[in-house]
Amino acid sequence: MKLYQKLRTAVPRLVLGQEDEEEEEEEEDADTPTPTGHSRLAPWWVGSGLLLSAVLLSAVTVWVLRQVSGGWHSPTPPSQCHQSLNQTALGMAGLLVRREKAYYPRDIGVLRLDVELETDTRLHVKITDAANPRYEVPLDVPRAKKRAENPIYSLDFSKDPFGLLLRRRDTGTVLLNTTVAPLIFADQFLQISTALPSRFLYGLGEHRSTLLHSLDWSTLTLWARDVSPTESFNLYGAHPFYLLLEEGGDAHGVFLLNSNAMEVALQPAPALTWRTIGGVLDFYIFLGPDPNAVIQQYQEVIGFPAMPPLWALGFHLCRWGYGSSNETWQTVRAMRNFQIPQDAQWNDIDYMDGYRDFTFDAQKFASLPSLVEDLHKHGQHYVMILDPGISSTSPRGSYWPFDEGLRRGLFINTTQGQPLIGQVWPGYTAFADFSNVDTRRWWLENLQRFHAHVPFDGVWIDMNEPSNFMDGSEEGCPPGELDSPPYTPAVLGDSLSAKTVCASAKQSASVHYNLHNLYGLMEAEATASALIQIRGKRPFVISRSTFPSQGRYSGHWLGDNRSQWKDMYYSIPGMLSFSLFGIPLVGADICGFSGSTSEELCTRWMQLGAFYPFSRNHNSQNEKAQDPTVFSPAARTAMKDVLLTRYSLLPFLYTLFHRAHVHGDTVARPLFFEFPQDTATYGLDRQFLWGRSLLVTPVLEPGVDSVMGYFPRGVWYDFYTGSSVNSSGEMLKLSAPLEHLNLHLREGSILPTQKPGPTSEASRGNPLRLIVALSPGATAWGDLFWDDGESLDTFERGSYSYLVFNATENIFTSSVLHTSTKAASTTIGTLSIYGVQEPPHKVLLNGQEKPFSYLDNQVRPHLGCPVLEGCPQPWQGAEGAAQGGFLGR
C-alpha cells in the first residue's frame with residue numbers, strides 16, 4: 001500500500017461551458033504521512049493529497065511533487081493548458097500545450113484531446129501525443145457515427161491548467177473533476193486524477209478484496225500475475241473499469257482502455273488517480289443511470305459475453321492428482337452410482353506426458369480416449385487443461401508443437417530475435433505469441449491433432465499471465481527502460497518481469513511491455529475460435545488471465561484458492577466483480593484448491609458453489625479427495641440435494657445467460673443492483689442475487705446452524721416452501737442446518753424450473769415447473785429462452801423459443817414471442833403460485849378442470865401441456881371462489 005503527501009495548492013480556474021468564465025481560488029492545508037513506493041522517476045516522485053474546496057467539492061485530491069534528489073521545489077508540477085478547442089461532428093477536439101519544462105523523462109509537451117459524445121449515456125475522452133503515434137490497445141470498439149442529441153451529461157473545461165468537469169444534468173452531480181490535479185503525460189508515465197462524488201466504488205480488478213473498495217489511501221495495481229489469491233496483490237487479470245454509486249442511487253462507470261502496467265490510487269477525499277506507464281489515456285464514461293444500465297453500456301463497448309452451451313452450466317469435477325485415467329473414471333462412476341448430477345469431468349496437467357501440451361501419458365492415461373467416449377455416451381463432457389508454455393527441450397523432430405512453432409517463428413522472442421526461454425511445468429519452455437495471426441492457425445492445428453485422439457469438448461487455459469517460474473528468462477532481461485522503466489507500479493515482486501517474461505520481449509503486435517495484460521485474452525480468442533472450427537458448436541473455454549472483452553471468448557475461475565473459510569467468503573465479491581467486468585461465467589474452486597478441506601467446509605462450499613454461474617469442484621494433488629462421493633452419507637446427500645436444486649434451475653439460469661449475451665445483463669449480481677436507493681445494500685457481499693429474482697444467503701462460518709441475511713423492502717418467499725416474509729428492509733436470522741441453503745424469491749417474479757436429471761441433457765427433456773411469486777398486488781413476470789443448448793448463434797439465426805409469463809390480478813398468461821421446433825417436446829408440468837392466501841375452488845384450463853394441490857400460501861395446478869401452445873392459457877379467479885383462487889379461461 002502507498003501513502004500520498006498533501007501540500008497547499010490553489011484551486012484551478014474553471015472555464016465553464018467552453019467559455020472563459022473564472023471562479024475564485026481557494027486553498028486548504030492538510031497533513032499526511034510521507035509517501036513510500038517503487039518509484040525511480042528521477043528526479044521527482046509523484047504523490048497525492050487532499051484539498052478541501054467549497055467551489056469544487058467538499059473534499060478533492062491534488063497532486064504534488066516531492067524532491068527525491070536536489071533541485072526544484074515548486075508545490076505543483078508544470079501542467080497543460082488547452083490552446084484551442086474546436087467543435088467536431090462528434091464533439092470537440094483541441095491541443096493541450098505544456099508551457100513550462102516538465103521534470104519527467106521524455107515528457108510530451110503537446111497533446112491532442114478528442115471528446116466524442118457517442119450516445120446520450122456514453123462519453124468518450126481520449127488524450128494522446130499530438131505529433132507521434134503511440135501504442136493503443138487493439139480492441140474492437142464501436143465507432144459513433146453521429147453526435148449524441150440529448151446527452152444526460154454536461155461537460156465543462158478548465159483552460160489553464162487544463163481540466164475537465166463532467167456533470168449529470170438532472171441532479172447536477174459532478175461525476176468527474178480532473179481540475180484537482182495536473183495532468184501528467186510523459187512517454188512512460190501518464191497520470192490523471194479526479195474527485196469522486198461518493199465513496200461507493202466497485203470494480204478495478206483483479207484483486208482479492210471486499211466488493212466495496214476502501215478509499216482510505218489504498219492502491220490497486222493492474223498487472224497480470226500468477227499468485228495464489230491474496231489481499232493487496234495484483235492477481236491474474238487486469239480490468240481498468242470502475243462503477244460508482246452516487247448519493248441518491250444513480251450510478252456511473254469509467255473505463256480506461258489501456259493495457260500497460262497501471263496503478264489506481266484511491267483516496268478518502270474521495271478521489272481517484274489513474275497512473276499508467278504507457279499507451280494513451282482513452283476513457284469511456286457510462287452514465288447509467290442505474291447500475292444495471294452502466295454494465296450494459298460498458299459491454300456495448302467491450303462486447304457482450306458469448307452464450308455458453310447448456311452443459312457448461314452443469315456441475316464440473318476436477319482435481320490435480322487423479323494419477324490416471326482409470327482413477328478419473330472411477331470418480332465419474334462413483335458420481336453416477338450415487339446419482340449425483342455431473343456434466344463435465346476435467347483433468348489437470350497430470351494427464352500429459354511430461355507436462356507437455358497436446359500429449360497424454362501413454363501408461364497412466366492410456367484409457368483416456370475410452371473415458372471420453374464413455375462420458376459422451378452418458379451425455380457428459382470432457383475438459384482438459386493447456387498451458388501456453390511449450391516445452392523446448394525435446395529432441396529435435398520428436399515434439400511437433402515446438403518444432404513447428406519454431407520453424408514458423410511463432411514464439412515470443414528476446415530483443416535479439418531468438419525465442420525467449422523460460423521455465424514452466426515441463427521445464428524449459430518457449431511461449432506462444434498469440435498476437436500473431438499465424439500462431440492462431442498453429443494453435444488450431446495442435447488442437448485438431450490432439451482432438452483426433454482425445455475428442456475433448458472444452459479447454460481450460462491456465463498459466464496465461466503468462467506465468468514463468470523464472471524472472472524474465474533463463475538469461476534474465478536486458479538493461480533498458482522497458483524492463484526497468486523510470487517508474488514501476490507497485491507490482492508484486494517489484495519488477496515487471498517477476499514470474500513472467502521480460503517486458504522487452506518482442507511479439508508480433510508490439511513489445512510485451514504493452515501486451516502483457518492482453519496475453520490471456522488473446523489466447524482465449526484463439527482457443528474459442530479453434531473449438532468452433534473443430535467441433536462446430538459453441539466453445540467452452542475457462543481462462544485464468546483476463547482483460548476487458550474476455551467474456552466474448554471465455555469464462556474465468558478465481559484461481560488457486562485455499563480450503564479455508566475466508567477463501568469461500570472472498571469468492572463472492574470475486575464472482576460479483578467479474579459480473580461487473582462482463583464475464584458472467586465465473587466461479588471459484590469449490591471446497592478450495594490447496595490444503596485439505598473439512599466435511600463441514602466442503603458441504604457449505606458445495607452449497608455456495610452450486611450457485612456460482614460456473615460451478616466446479618477442484619483440488620490439488622497430495623490433498624484429500626473432495627468430490628461429493630468421498631464424504632459421509634449425510635454430507636453427500638446435502639451436496640447432491642443442492643446440485644439437484646441447481647439443475648432444477650437450469651432453465652432460469654440459461655435464460656439469464658441469454659439476457660447477458662443479448663442485453664449485457666448480469667447473471668450473479670450484487671443486491672445494490674436491484675436496490676440502488678437502499679444504502680444498506682451498498683456493502684453487502686455475503687449474499688447475492690441470480691438475476692433480479694433469486695436471493696442466495698449462504699453460510700460462510702463454521703459451527704453454526706443459522707445465518708443472518710439482509711432482505712430489502714418487499715415480500716420474499718422461501719424457494720422451497722413458498723412461505724413468505726414481508727420485510728421493511730432488515731437483517732433476519734435464518735435457520736441454516738448443515739443440509740440447508742437459504743434461497744428466497746423476490747415478489748413479482750416467475751421462475752422457469754425443471755425436474756432435474758443426472759446431466760443437463762437428461763434434465764432438458766423433463767417437464768417444466770413455473771414458480772410464480774406474487775407481489776402484494778398479485779402481479780409477477782418472468783421469461784424463458786430455450787434452444788438446443790449447443791448450436792452456434794441460435795438467437796442470431798432465430799433458432800430458439802422465447803416465452804414471457806405474466807400474472808396480473810388473478811390472470812396468468814404465457815405468451816410465445818418466438819417459436820422453434822427445438823422446444824416442441826417441452827411441456828409445462830406444474831404451476832406453483834406463491835402468495836395465494838386461501839385455496840381456490842377449482843382450476844380450469846381451456847374450460848377443462850385440472851387437478852391441483854394447495855399448501856399454505858401456494859396453489860399448484862398440474863397441467864402437462866406443450867410450451868409452444870402458449871400453455872397455460874389465461875387464468876382468472878373463479879366466480880364465487882375465495883379471493884386468490886384461479887380459474888382457466
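A donor-acceptor contact under 3.5 angstrom links the side chains of Q550 and S554, judged on distance only. For the residue pair E523 and S543, no side-chain donor N or O sits within less than 3.5 Å of a side-chain acceptor on the partner.
Under the ring-ring contact (aromatic ring centres under 6.0 Å, His included) criterion, F283 pairs with W274, not counting sequence neighbours. The side chain to side chain contact (heavy atoms under 4.5 Å, CB included) search around R143 returns V141, not counting sequence neighbours. Applying the side-chain hydrogen bond (donor to acceptor under 3.5 Å, both in side chains) criterion to Y135, with sequence neighbours excluded, gives S259. In this structure D120 satisfies the salt bridge (Lys or Arg N to Asp or Glu O under 4.0 Å) test with no other residue, sequence neighbours excluded. Applying the ring-ring contact (aromatic ring centres under 6.0 Å, His included) rule to F241 yields the partners Y298; only residues at least two apart in sequence or on another chain are considered. Every residue two or more places apart in sequence or in another chain that forms a side chain to side chain contact (heavy atoms under 4.5 Å, CB included) with T429 is listed here: V424, P426, F431. Shown here are the ring-ring contact (aromatic ring centres under 6.0 Å, His included) partners of W443, two or more places apart in sequence or in another chain: F358, F434. When the salt bridge (Lys or Arg N to Asp or Glu O under 4.0 Å) test is applied to R208, the partners found at least two apart in sequence or on another chain are D567. With sequence neighbours left out, D665 forms a salt bridge (Lys or Arg N to Asp or Glu O under 4.0 Å) with R659. Remark: D187 engages R106, R134 in a side chain to side chain contact (heavy atoms under 4.5 Å, CB included) (not counting sequence neighbours).
Relative ring orientation between Y284 and F286 is described as parallel, the plane-to-plane angle staying below 30° on a 0-90° scale split at 30° and 60°. Taking the six-membered ring where the residue is Trp, H512 and W223 present perpendicular rings, their angle passing 60° and hence far from 30°. Below 30°, between 30° and 60°, or above 60°: for H252 and Y242 the angle between ring planes is above 60°, a perpendicular geometry.
Residue Q416 qualifies as open at atom CD: its count of foreign heavy atoms under 6.0 Å is 12 or below.
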Checklist entry - Checking side-chain hydrogen bond (donor to acceptor under 3.5 Å, both in side chains) for the pair Q191/Y487: CA distance, chi angles, key distance, verdict? => result CA-CA 12 Å; Q191 180 172 282; Y487 181 85; over 6 Å; no
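Of the possible donor and acceptor atoms, none in the side chain of T666 sits under 3.5 Å from a partner among the backbone N and O of S579. Proximity of a side-chain donor or acceptor of S497 to a complementary backbone N or O of T500 within less than 3.5 Å is not detected.
For the atom pair OG (S504) and CG (L482), the distance works out to 6.0 Å, reported to the nearest 0.5 Å. To the nearest 0.5 Å, atom OG of residue S529 and atom CG of residue L444 are 7.0 Å apart.
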Can I get a per-line list of side-chain donor-acceptor pairs under 3.5 Å for residues 111-119, giving both atom names and the distance, sequence neighbours left out?
residue : atom : partner : partner atom : Å
R112    : NE   : D114    : OD1          : 3.2
R112    : NE   : D114    : OD2          : 2.7
R112    : NH2  : D114    : OD1          : 2.9
E118    : OE1  : R122    : NE           : 2.6
E118    : OE1  : R122    : NH2          : 3.0
E118    : OE2  : H124    : ND1          : 3.0
T119    : OG1  : T121    : N            : 3.1
T119    : OG1  : R122    : N            : 2.9

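Looking at every heavy atom in both residues, M470 comes nearest to I421 through SD-O, 4.5 Å. L420 and A505 get closest at one heavy-atom pair: CD1-CB, 3.8 Å.
Evaluation of the disulfide (SG to SG under 2.5 Å) test over residues 487-518, restricted to residues two or more places apart or in two chains, returns C477-C502.
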